[in-house]
Novice: 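Please read through the structure below; I'll follow up with questions.
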Amino acid sequence: MAEQENGLPKVFISYSWSSTHHQEMVKYWADRLLHDGIDVILDIYDLNEGDEKYAFMESMVTDPSITHVLVVCDSKYTERANAREKGVGTESTIISSEVYKRVKQSKFIPILCEFDGSGEPITPAFMNARIGLDFSTPESVNENWEQLIRLLYNKPLHVKPKKGSIPSYIKHDTALPANEPRAKFESLRQAVLQEKKGIKIYRADFLRSCLTYVDELRVRERPDEEDLGQKVLNDCIKLKVIRDYICDWLLLEGGITSDLELSESLLEMLEGLLEMKSKPNSLTSWNEKWFEAHSVFVYEMFLYVVAALIQLGRYDLLRELYSSHYLLPQSPGYSNLDFDDFSCFHGSSELLQDVLRPGENLCSPSGELFKIQADRDDLKFHDIVQAEAVTFLVAMLSEVYWYPGTLHYISHHERLPVFVRAAQHKHFEKLAKVAGVESATELKDRFMSALSQFGFTNSRQFFRLDFKSLLNLDGLDRLK
């Protein structure tokens, strides 16, 4: 498509002088286009006495600086254009089929002013197949004006989405039969986008299908101990598809659904995941290693939920996530307590060590897996590391143990945006709300005390990591 040097659209209007009223209507449209920042070439403005009319028309149509030609189609225009095709037409501003064929056809936009008795637009024969804009009544002009302007500026209302990454079920050899969660999510997505009633029902169906898929992968009979590490890895790969669906759901509804409604569904979903970490009731003898895939998955899922809430700016909901007590399943894998804090979502797997990096000593096999599986464009591994840093901060302030495995993958001088921004008071207030503190001094003092209490300052595993610098503790709440 041709463009002016300044990148703005420039149009030529081709029309027939069917009547004085029709000419005035075309002039009104031209003036309106000019007011919308579009350069317009129109014979009554740009054709001077002594100019050759047909040469003017043809030069405008073939001029490379003209980005579009608006062809104002009515019965008189169509009659004269069809007559010119037969060699008998004389109207100066009528485009012939010969001229039309010499120019890229996407340059022409039919403006439909008349329709025949069967409801078909009246257009020249050589333009019959082109889609036009209905300008047959003042109401239709107003209805379609924005569409015309968007077309001229090449700013369509509906933009084709960016091509995503290859689905997990295609990339991996292991089959991922997640058809029901996929279908349920699509139903929920359409319900949200179309603002249907009963979205809560669609949401509940989707989350239930996710939990059902996760539950079906739980070990219900003694596995082969020799290949147990590979089975844990394979199950983690299969579970990743549910991680992505839940992230898609959160990012879809997180910007529009109320805290009360979203938190109810989110906390219920997280409690459902806790049960997936435990043994099924049908097992009478078991080994905790059998359930490591689900333990790691729940840990990963929790970090992705935190990362999504940070991205969405849902700090009230994030505070509720950390301050809530979660109902524990009735299982021998848990204590006799009925509730636990958010630390119950942490998980680990020693079996992954042997299949991910045989012969090496990984500080966090779970963190290594999270790094390998971090293939989303909207929630990158750096976002997951940041989510764990926030979780670790809240854990220390709550005097709750949390081993931040992904922090092994952050460089010594790396900065995390949520803590860098918290140098400004307005952003510190958000972090303080999540952390449950009143001031930057309180946050720093309590965190450093807890860090020492839990032994992280003396741990050789984190000897290269300066937590004070990573969390910007000396720079918090210093700016307006």
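All values below were derived from every heavy atom in this structure, side-chain atoms included, with hydrogens, water molecules and symmetry-related copies excluded.
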Novice: Using side-chain heavy atoms (C-beta onward) and a distance below 4.5 Å, is Leu274 in contact with Cys344?
Specialist: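 Counting from C-beta outward, Leu274 and Cys344 do come under 4.5 Å.
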Novice: Could you state the interatomic distance from CG (Leu352) to CG (Leu362), rounded to the nearest 0.5 Å?
Specialist: 9.5 Å
Novice: When you measure from the side chain of Tyr315 to the backbone N and O of Ala432, does any donor-acceptor pair fall under 3.5 Å?
Specialist: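 No, Tyr315 side chain to Ala432 backbone: no donor-acceptor pair under 3.5 Å.
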Novice: Under a 4.5 Å cut-off applied to non-hydrogen side-chain atoms, are Val355 and Val232 in contact?
Specialist: no
Novice: Side chains of residues 251-260: which donor-acceptor partners sit under 3.5 Å, not counting sequence neighbours?
Specialist:
unit_1 : atom_1 : unit_2 : atom_2 : d
Glu253 : OE1    : Arg203 : NH2    : 2.9
Glu253 : OE1    : Thr257 : OG1    : 2.7
Glu253 : OE2    : Arg203 : NE     : 2.7
Glu253 : OE2    : Trp249 : NE1    : 2.8
Thr257 : OG1    : Glu253 : O      : 3.2
Ser258 : OG     : Glu261 : N      : 3.3
Asp259 : OD1    : Arg314 : NE     : 3.1
Asp259 : OD1    : Arg314 : NH2    : 2.5

Novice: Any salt bridge (Lys or Arg N to Asp or Glu O under 4.0 Å) pairs touching residues 299-309, not counting sequence neighbours?
Specialist: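 Residue pairs passing salt bridge (Lys or Arg N to Asp or Glu O under 4.0 Å), neighbours aside: Arg243-Glu300.
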Novice: Only counting residues at least two apart or in another chain, list the ones meeting salt bridge (Lys or Arg N to Asp or Glu O under 4.0 Å) with Arg32.
Specialist: none
Novice: Test side-chain contact (heavy atoms from CB on, under 4.5 Å) on Val385 and Leu303 and set out the steps.
Specialist: CA-CA 8 Å; Val385 173; Leu303 293 183; over 6 Å; no
Novice: Do Ser209 side-chain atoms and Phe206 backbone N/O form a donor-acceptor pair below 3.5 Å?
Specialist: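 Here the side-chain-to-backbone pair exists.
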Novice: Could you list the residues that satisfy salt bridge (Lys or Arg N to Asp or Glu O under 4.0 Å) with Lys289, not counting sequence neighbours?
Specialist: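 Not a single residue meets the salt bridge (Lys or Arg N to Asp or Glu O under 4.0 Å) criterion with Lys289.
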Novice: Mind running salt bridge (Lys or Arg N to Asp or Glu O under 4.0 Å) on Arg218 and Asp215 for me, showing each step along the way?
Specialist: CA-CA 5 Å; Arg218 293 164 79 191; Asp215 180 55; 2.7 Å; yes
Novice: When rounded to the nearest 0.5 angstrom, what is the spacing between CD1 in Ile131 and CG in Leu112?
Specialist: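 Reported to 0.5 Å precision, the distance equals 10.5 Å.
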Novice: Tell me whether Ile201 at atom CD1 has more than 12 heavy atoms from other residues, nucleotides or ligands lying less than 6.0 Å away.
Specialist: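 No.
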Novice: For Tyr401, what residues pass the ring pair (Phe, Tyr, Trp, His ring centres under 6.0 Å) criterion, not counting sequence neighbours?
Specialist: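 In terms of ring pair (Phe, Tyr, Trp, His ring centres under 6.0 Å), with neighbours along the sequence ignored, Tyr401 is linked to Phe454, Phe456.
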Novice: Between Gly367 and Tyr409, what is the shortest heavy-atom contact and its length?
Specialist: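 Shortest heavy-atom contact: C-CE1, 3.7 Å.
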Novice: Going from CE on Met301 to CD1 on Ile246, what distance comes out if it is rounded to the nearest 0.5 angstrom?
Specialist: 4.5 Å
Novice: For a quick test of reading the model, state the closest non-hydrogen atom pair linking Leu239 to Ala293 and the distance between them.
Specialist: CD1-O, 4.0 Å
Novice: How many angstroms lie between CG in Leu228 and CG in Leu351, if you round to the nearest 0.5 Å?
Specialist: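 Atom-to-atom, Leu228:CG and Leu351:CG are 5.0 Å apart.
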Novice: Of all residues at least two apart in sequence or in a different chain, which pass the ring pair (Phe, Tyr, Trp, His ring centres under 6.0 Å) check with Phe297?
Specialist: none
Novice: Please walk me through it: do His346 and Phe392 pass ring-ring contact (aromatic ring centres under 6.0 Å, His included)?
Specialist: CA-CA 11 Å; His346 197 284; Phe392 181 59; over 10 Å; no
Novice: Quick check: closest heavy atoms across Tyr403 and Glu388, and the distance to 0.1 Å?
Specialist: O-OE2, 3.7 Å
Novice: Does Glu186 have more than 12 heavy atoms from other residues, nucleotides or ligands lying within 6.0 Å of its CD?
Specialist: yes
Novice: With distance as the sole test, does Glu360 use its side chain to make a donor-acceptor pair with the main-chain N or O of Gln353 at under 3.5 Å?
Specialist: no
Novice: Distance from Cys363 atom SG to His408 atom NE2, nearest 0.5 Å?
Specialist: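 Cys363 SG to His408 NE2: 4.5 Å, rounded to 0.5 Å.
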Novice: Hey, is CD on Glu226 packed in by over 12 heavy atoms from elsewhere, all under 6.0 Å?
Specialist: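 Atom CD in Glu226 is not crowded, with 12 or fewer foreign heavy atoms closer than 6.0 Å.
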Novice: Heavy atoms, side chains only, cut-off 4.5 Å: are Lys371 and Ile384 in contact?
Specialist: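 Lys371 vs Ile384: side chains apart.
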Novice: Got a salt bridge between Asp383 and Arg376, using NZ or NE/NH1/NH2 to carboxylate O under 4.0 Å?
Specialist: no
Novice: Counting only N and O atoms by type, is there a donor-acceptor contact under 3.5 Å from the side chain of Tyr299 to the main-chain atoms of Ser348?
Specialist: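 Judged by distance alone, no pair lies under 3.5 Å.
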Novice: Between Leu152, Val71, Val69, which is the residue that forms a side-chain contact (heavy atoms from CB on, under 4.5 Å) with Ile109?
Specialist: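 Output: one option passes, namely Leu152.
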Novice: Which residue pairs pass the salt bridge (Lys or Arg N to Asp or Glu O under 4.0 Å) test when at least one of the two sits in residues 436-454, sequence neighbours left out?
Specialist: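 Found Glu442-Arg446, Lys444-Asp474.
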Novice: Checking Ser187 side chain against Ala183 main chain: does a donor-acceptor pair fall under 3.5 Å?
Specialist: yes
Novice: Indicate the ring-plane relationship of Phe185 and Tyr245, choosing parallel, tilted or perpendicular according to the 30° and 60° boundaries.
Specialist: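 Plane angle between 30° and 60°, so tilted.
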Novice: Can you see which heavy atom on Ser278 is nearest to which on Phe291, and at what distance?
Specialist: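 Reported closest heavy-atom pair: O-CD2, 4.4 Å.
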Novice: Atom CZ of residue position Arg222 - does it have more than 12 heavy atoms of other residues, nucleotides or ligands inside 6.0 Å?
Specialist: no
Novice: Return yes if some donor-acceptor pair links the side-chain N/O of His294 with the main-chain N/O of Val214 below 3.5 Å, else return no.
Specialist: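 Yes: the side chain of His294 pairs with the backbone of Val214.
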Novice: More than 12 foreign heavy atoms under 6.0 Å from NZ of Lys200: is that the case here?
Specialist: no
Novice: May I ask you to decide whether Lys231 forms a salt bridge with Asp224, counting only side-chain N to carboxylate O separations under 4.0 Å?
Specialist: no
Novice: Would you list the atom pairs, donor with acceptor, under 3.5 Å between side chains in residues 417-428 and any protein atom, with sequence neighbours excluded?
Specialist:
unit_1 : atom_1 : unit_2 : atom_2 : d
His425 : ND1    : Asp477 : OD1    : 2.8
His425 : NE2    : Glu429 : OE2    : 3.2

Novice: Would you find more than 12 non-hydrogen atoms of other residues, nucleotides or ligands less than 6.0 Å from Glu268 atom CD?
Specialist: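 No - once you tally the heavy atoms of other residues, nucleotides and ligands closer than 6.0 Å, there are 12 at most.
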Novice: Does Lys184 use its side chain to pair, donor to acceptor, with the backbone of Arg208 at less than 3.5 Å?
Specialist: no
Novice: Among all residues two or more places apart in sequence or in another chain, which pass the ring pair (Phe, Tyr, Trp, His ring centres under 6.0 Å) test with Tyr322?
Specialist: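 Here the qualifying residues are Phe342.
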Novice: Identify, with sequence neighbours excluded, every residue that meets salt bridge (Lys or Arg N to Asp or Glu O under 4.0 Å) alongside Arg319.
Specialist: none
Novice: Give me the ring orientation class for Phe345 and Tyr326: parallel if the planes are under 30° apart, tilted from 30 to 60°, perpendicular past 60°.
Specialist: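 Rings of Phe345 and Tyr326: perpendicular, over 60°.
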Novice: Which heavy atom of Ile199 sits nearest a heavy atom of Ala191, and at what distance?
Specialist: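 Of all heavy-atom pairs spanning Ile199 and Ala191, the closest is CD1-O, 3.8 Å.
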Novice: Quick one: sort the Phe447 and Phe467 rings into parallel, tilted or perpendicular, breaks at 30° and 60°.
Specialist: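 Rings of Phe447 and Phe467: perpendicular, over 60°.
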Novice: With sequence neighbours excluded, tell me which residues meet side chain to side chain contact (heavy atoms under 4.5 Å, CB included) with Gln453.
Specialist: Glu399
Novice: Please list, chain by chain and in numerical order, all residues satisfying salt bridge (Lys or Arg N to Asp or Glu O under 4.0 Å) with Glu292, sequence neighbours excluded.
Specialist: none
Novice: Please check this pair: side chain of Asp36 against backbone of Ile38, looking for a donor-acceptor N/O pair closer than 3.5 Å.
Specialist: no
Novice: To the nearest 0.5 Å, what is the distance between CZ (Phe12) and CG (Asp39)?
Specialist: 13.0 Å
Novice: Could you tell me whether the side chain of Glu275 and the main chain of Pro329 form a donor-acceptor pair under 3.5 Å?
Specialist: no
Novice: For Lys277, is there any backbone N or O sitting under 3.5 Å from a side-chain donor or acceptor partner on Ser295?
Specialist: no
